[in-house]
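Contents: one structure, followed by commentary.
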Amino acid sequence: MNINWDAAGPEGLTFFSNITASISHELNNSLAIINENSGLLEDFVLMAEQGIDIDPAKLLTLSSRISSQVQRTETIVGNLNRFAHSFDSAADKNVVIGPLLKLAAAITARIVASHEVTVEVDDAGPELKLETSPFLFLDLVGRCLEYAAPMTDNEKKITISWQQSADRITISLAGLSLNESHSFPDSEGEKAILSALGGIISPDSGNHNLLLTIPAESRATKK
Amino acid sequence: MHVLLVDDEQEFVSTLAERLAFRGIEADWVTDGEKALKKIRSRQYDVAVLDIKMPGISGIKLGEKIHEIKPEQKIIFCTGHGSSADYDAGAAQSGKEFYLAKPIKIDVLIEKMKEIQN
């Protein structure tokens with residue numbers, strides 16, 4: 001791939017580090033809930049041993065809570081696994097854009113939530129395939145979300161949608177009130193990642209949307 | 001002992017409160033910093049247990065705001081980091097704070113609560 005790794009490499013490692021740290025927090029939160037619920041189950045057993053009647057419905061509730069946290073953990077681990085495999089190969093891959101955007105939203109959810117912001121991916125977009133590096137794509141979209149999160153409107157929700165015109169795909173982050181004094185991309189590494197994907201980032205005319213436009217077939221692949 | 005638990009994971013904090021109640025510790029719980037500050041203003045707590053990573057006001061910032069209102073308030077921070085070791089130096093400096101890594105062992109939490117109270 002035609003990437004300036006001297007500039008993009010450290011940025012990519014930073015992104016990988018931030019995301020895996022954030023996901024480990026999520027896993028620990030889920031484990032903490034499982035731990036408390038299983039601890040409460042033990043408390044009920046001890047109480048039963050002392051002759052105190054325990055409502056079976058309470059036990060069912062605890063069991064159901066543990067089961068739901070196990071499912072949550074499975075989803076988190078699944079996302080982590082997909083993220084880890086996004087850099088299996090330096091070569092570009094033919095990827096479907098919708099699921100990749102959903103993965104970007106999922107792995108950055110906790111970082112974005114620190115601004116009390118949620119992210120929704122609009123499923124109405126066309127099923128498009130993109131020839132690109134999944135890791136760099138996730139990195140770029142993740143950075144766009146991090147950049148936009150402090151500048152949402154009152155609803156505090158970013159909606160991601162996409163559309164294709166000619167040979168370009170435009171990804172829109174809506175629900176913003178962008179402040180022009182903040183520039184993005186800022187660092188040489190971010191610029192190198194954007195350049196590798198052949199992307200352009202710009203606000204719309206009303207500063208309510210951040211638009212990421214990339215070729216349907218990335219520049220790096222063509223070379 | 002009367003404690004305040006603050007964590008954005010409602011299921012975690014409510015269940016922990018229930019377990020503490022079984023052990024004779026009265027625990028109020030809230031899921032964000034603003035509600036926590038209202039609680040702190042409204043009554044006296046022996047210990048406040050704060051999650052560090054929360055939307056809005058982070059646990060660290062919340063701890064600072066609590067100390068502006070009640071400088072002597074004892075605080076235990078919880079972290080989803082794999083280890084609380086990173087925070088030990090800071091905790092040792094303040095004398096008013098402890099750090100625990102999630103998942104929390106309830107006996108360790110109670111021990112820390114008693115320790116910080118004294």
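Protein chains get the first letters and strands the later ones, always in sequence-line order, with residue 1 at the start of each.
Identified by a heavy-atom distance below 4.5 Å to chain B, the contributing residues of residues 62-79 of chain A are Arg65(A), Gln69(A), Arg72(A), in residue-number order. Scanning residues 110-127 of chain A against chain B with a 4.5 Å heavy-atom cutoff picks out Arg110(A), Ala113(A), Ser114(A), Glu116(A), ordered by number.
Distance alone, capped at 3.5 Å, is enough to place a donor-acceptor pair between the Asn35(A) side chain and the Ile104(B) backbone.
Around NZ of Lys70(B), the count of heavy atoms belonging to other residues, nucleotides or ligands within 6.0 Å exceeds 12. The local environment of CG in Asn154(A) is sparse, with at most 12 non-hydrogen atoms from other residues, nucleotides or ligands closer than 6.0 Å. Around the CG atom of Asp53(A), the shell of radius 6.0 Å holds no more than 12 heavy atoms that belong to other residues, nucleotides or ligands.
Asp43(A) touches chain B through its side chain: at least one heavy atom from C-beta onward sits under 4.5 Å away, while N, CA, C and O do not. Interface remark: Asp8(B) contributes side-chain atoms only to the contact with chain A (heavy atom separation under 4.5 Å).
With sequence neighbours excluded, no residue forms a salt bridge (Lys or Arg N to Asp or Glu O under 4.0 Å) with Lys65(B).
Heavy-atom pairs under 4.5 Å with chain B peak, among Ile33(A), Leu46(A), Leu27(A), at Ile33(A).
Just one of Glu11(B), Glu18(B), Arg19(B) meets the side chain to side chain donor-acceptor pair (under 3.5 Å) condition when paired with Asn37(A); it is Glu11(B).
Here CG of Asn28(A) is found 11.5 Å from SG of Cys78(B). Values are rounded to the nearest 0.5 Å.
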**Request:** Determine, stepwise, if the pair Lys102(B) / Leu31(A) fulfils side chain to side chain contact (heavy atoms under 4.5 Å, CB included).
**Result:** CA-CA 8 Å; Lys102(B) 285 183 176 176; Leu31(A) 288 172; over 6 Å; no
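The ring pair (Phe, Tyr, Trp, His ring centres under 6.0 Å) contacts involving residues 30-54 of chain A comprise Phe44(A)-Phe22(B), where partners must be two or more places apart or lie in separate chains.
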